[in-house]
Structures are given as C-alpha cells and as structure tokens.
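The block underneath contains the structure these notes are about, expressed in structure tokens.
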Amino acid sequence: MNTFETQATDFVSIEGFASTVTEAIHSRHSIREFLPTEVPEPVIYKVFGEALRAASWKNSQPWEVHIVAGAARTELSRRLIDAAKAGDSKPDTAWPAQSPADAKRRMFDLGMKIYGVAGIDRKDKEARDAFMLRNFAFFEAPVAAFITTRFDLNFYVGLDIGCYLNTVMLLARENGLGTCPQAALSAFPDVVRNSLKLTAEHKVACGISLGFPKPDSQLNRFHTPRESSEDLIHLIKTLP
Ligand SMILES: Cc1cc2nc3c(=O)[nH]c(=O)nc-3n(C[C@H](O)[C@H](O)[C@H](O)COP(=O)(O)O)c2cc1C
C-alpha cells in the first residue's frame, strides 16, 4: 500500500488526556475545530510555562510568547482576518519557496485530504479562501499564542522555536487539549506587533491555537500519515 493512501490510522480519537510522552505523540495532531470552552488560566500557564524547559542553542532561549484570550483574542482575530482579506502578507521570514518532489507530493496529498474531509471542492477557490481565513479565527480556539524572537530569524533560532513549539503541543495533550501550530499567524507581523504593542525588533516566528478539540468533528479526527521509519531512520553500526 502506498503510504499516502487512506489507512485505518487516518482517523484517531482526540479526546482525553495523554499520560505518557508516547501517548501524547501518538494522539497529537493538528486540531482545526475547537470548542468555545475556555481554557483555565493555570492550565494556560502550565502548558506554555513548562515548555520553557525546551532545549535551545547554547541555552539562548530565543523566544517570547504572547498569549491572547477573551476580548484580546477576538479583536486580534478580527484584525488578522481584515488583513488577510486585504491580502498583503509580509512575514518576517520568507516561507519556503522550493521543496523536493517527494515533499511536494505530501503537501499536495495533505491539501486534498483536508479539503476532502472539510467537504471542499479543490477547484472552489472561494471555499478554499474561506477555509484559509479560519486560520485567523484560530479555528475557533479560545486561546492563541504568538511566538516572537528578538534574534535574527535564522535556521538555528527556527530549530529552537520548533523545540519549544513541539513541547507545548505535547504538554497540551497531557492536559487534554488540542493545538494547531500555524505559520499563517506569522503572515501579518505588523498587525501582531501593533496590536500587542511590540517593538519592531520582535519578529513574529509563528503562532499556535490552543483549546479543547470539538469531538464530533471529522476534520479533527483526521490523522496525517508518515513515511516509514525504514526509509527515514538510518542506524549505522559499521562503515563501508
Ligand atoms: C511550522 C508549522 C507551521 C504550520 N502552519 C500551519 C498553518 O498555517 N495552518 C494549518 O492549518 N496548519 C499548519 N501546520 C500544521 C501542519 O499542516 C501539520 O502539522 C502537518 O500537516 C502534519 O499533520 P499533524 O500536525 O496533524 O500531525 C503547521 C505545522 C508546522 C509545524
């Protein structure tokens, strides 16, 4: 079977709490429909705070986390949606322009599957644009966070922020929550800076939505496939 064909594992339950790291890894996937249920403040602090233990280059910790909830979340979402409708995205770091052919295939496959589950015809640009805009509504999540850095947004800073982000996502699962990491939330950094009163030295690396997953959502049960470990993990014990 081709790795990209629909497999039984394409749909998994996203309810409940993960009690081991392995469970958190297996039950984590991107959530794109959240319940409006508020996340208690101590849980917000726990998830984003514990994740500060993530590793970073020489312990540089090149991140700051700006979390919006309540009225701030609603207003920032409105401003981002307005910016997205106006269309002029200007991320602080360029989004990848080129990808190897196998990655292009995976990305295409992801789009096809998500649109399929969301009931969107791929040729329907209006429906695709409307779905894209949902990024800026944080997929209805009651909490969104923006990760900024005062460092140059270079490769290693990106790695460090990736370590932080993944730790947040796994801690979220331990606390019964879902997440969606979002490059889209870095598309309009001036809107984020102006709204949060951040100086220009704060570069917006990415964002993440956090909340309780909507349990009856097909979109949420969708589990993306992975390449096999035989293809990607190389254990070398003797050299030729
Ligand atoms: C750095 C990064 C940026 C992403 N940006 C977006 C985004 O803007 N919108 C979105 O819906 N998903 C986004 N995703 C989620 C990916 O599409 C998702 O992680 C990938 O398809 C694998 O699926 P899974 O997270 O469900 O396992 C992003 C993920 C990462 C790691």
Side-chain angles (χ1 to χ4, degrees), residues 3-4 6-7 9-14 18 22-34 51 54 63 65 77 80-81 83-84 89 91-97 99 102-118 120 127-141 144-149 153-173 177-189 191-192 203-211 213-214 217-227 232:
T3 327
F4 303 114
T6 302
Q7 299 165 9
T9 53
D10 273 5
F11 292 94
V12 303
S13 169
I14 34 75
T22 307
E23 250 179 61
I25 290 168
H26 283 278
S27 64
R28 183 218 63 83
H29 61 214
S30 296
I31 295 300
R32 296 187 179 89
E33 269 191 291
F34 289 88
W63 46 63
V65 187
S77 165
L80 287 170
I81 289 172
S89 80
D92 289 326
T93 189
W95 290 359
S99 312
D102 60 322
K104 277 190 193 152
R105 196 160 49 89
R106 286 193 288 273
M107 293 191 273
F108 180 77
D109 180 73
L110 173 74
M112 292 295 282
K113 282 191 169 165
I114 288 187
Y115 292 145
V117 173
I120 293 170
R128 280 192 282 124
D129 288 350
F131 188 76
M132 176 60 184
L133 279 186
R134 296 187 52 221
N135 273 282
F136 304 106
F138 313 124
F139 300 111
E140 295 82 43
F146 294 81
I147 320 291
T148 64
T149 183
L153 258 178
N154 69 25
F155 176 74
Y156 288 98
V157 169
L159 277 187
D160 294 342
I161 290 174
C163 288
Y164 177 76
L165 205 58
N166 203 46
T167 311
V168 165
M169 293 192 280
L170 297 182
L171 282 161
R173 286 300 306 119
L177 294 162
T179 51
C180 189
Q182 289 164 260
L185 297 183
S186 65
F188 304 100
V191 173
V192 175
K203 307 282 180 256
V204 180
C206 67
I208 183 167
S209 298
L210 172 92
K214 199 170 170 208
S217 149
Q218 280 294 97
L219 202 53
N220 281 348
R221 292 178 59 232
F222 171 63
H223 206 57
T224 47
R226 293 295 186 267
E227 299 292 331
L232 297 180

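The first residue in the sequence is number 1, and the count goes up from there. Ligands are counted one by one from 1 in listed order, and the atoms in each one are counted from 1 as well.
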Sorted by chain and residue number, the salt bridge (Lys or Arg N to Asp or Glu O under 4.0 Å) partners of Glu23 (sequence neighbours excluded) come out as none
Tightest non-hydrogen contact, residues Leu165 and Ile147, listed as CD1-CG1, 4.3 Å
Residues in side chain to side chain donor-acceptor pair (under 3.5 Å) with Ser30, at least two apart? none
Which protein residues have a heavy atom under 4.0 Å from ligand 1? Arg28, His29, Ser30, Arg32, Leu110, Asn135, Phe139, Cys180, Pro181, Gln182, Ala183, Ala184, Thr224, Arg226
Whether Asp102 and Arg106 form a salt bridge (side-chain N of Lys/Arg under 4.0 Å from carboxylate O of Asp/Glu) is what I want to check. yes
Under the salt bridge (Lys or Arg N to Asp or Glu O under 4.0 Å) test, which residues partner Lys214, sequence neighbours left out? Glu33
Minimal non-hydrogen separation, Phe34 against Phe138, with atom names: CD1-O, 3.8 Å
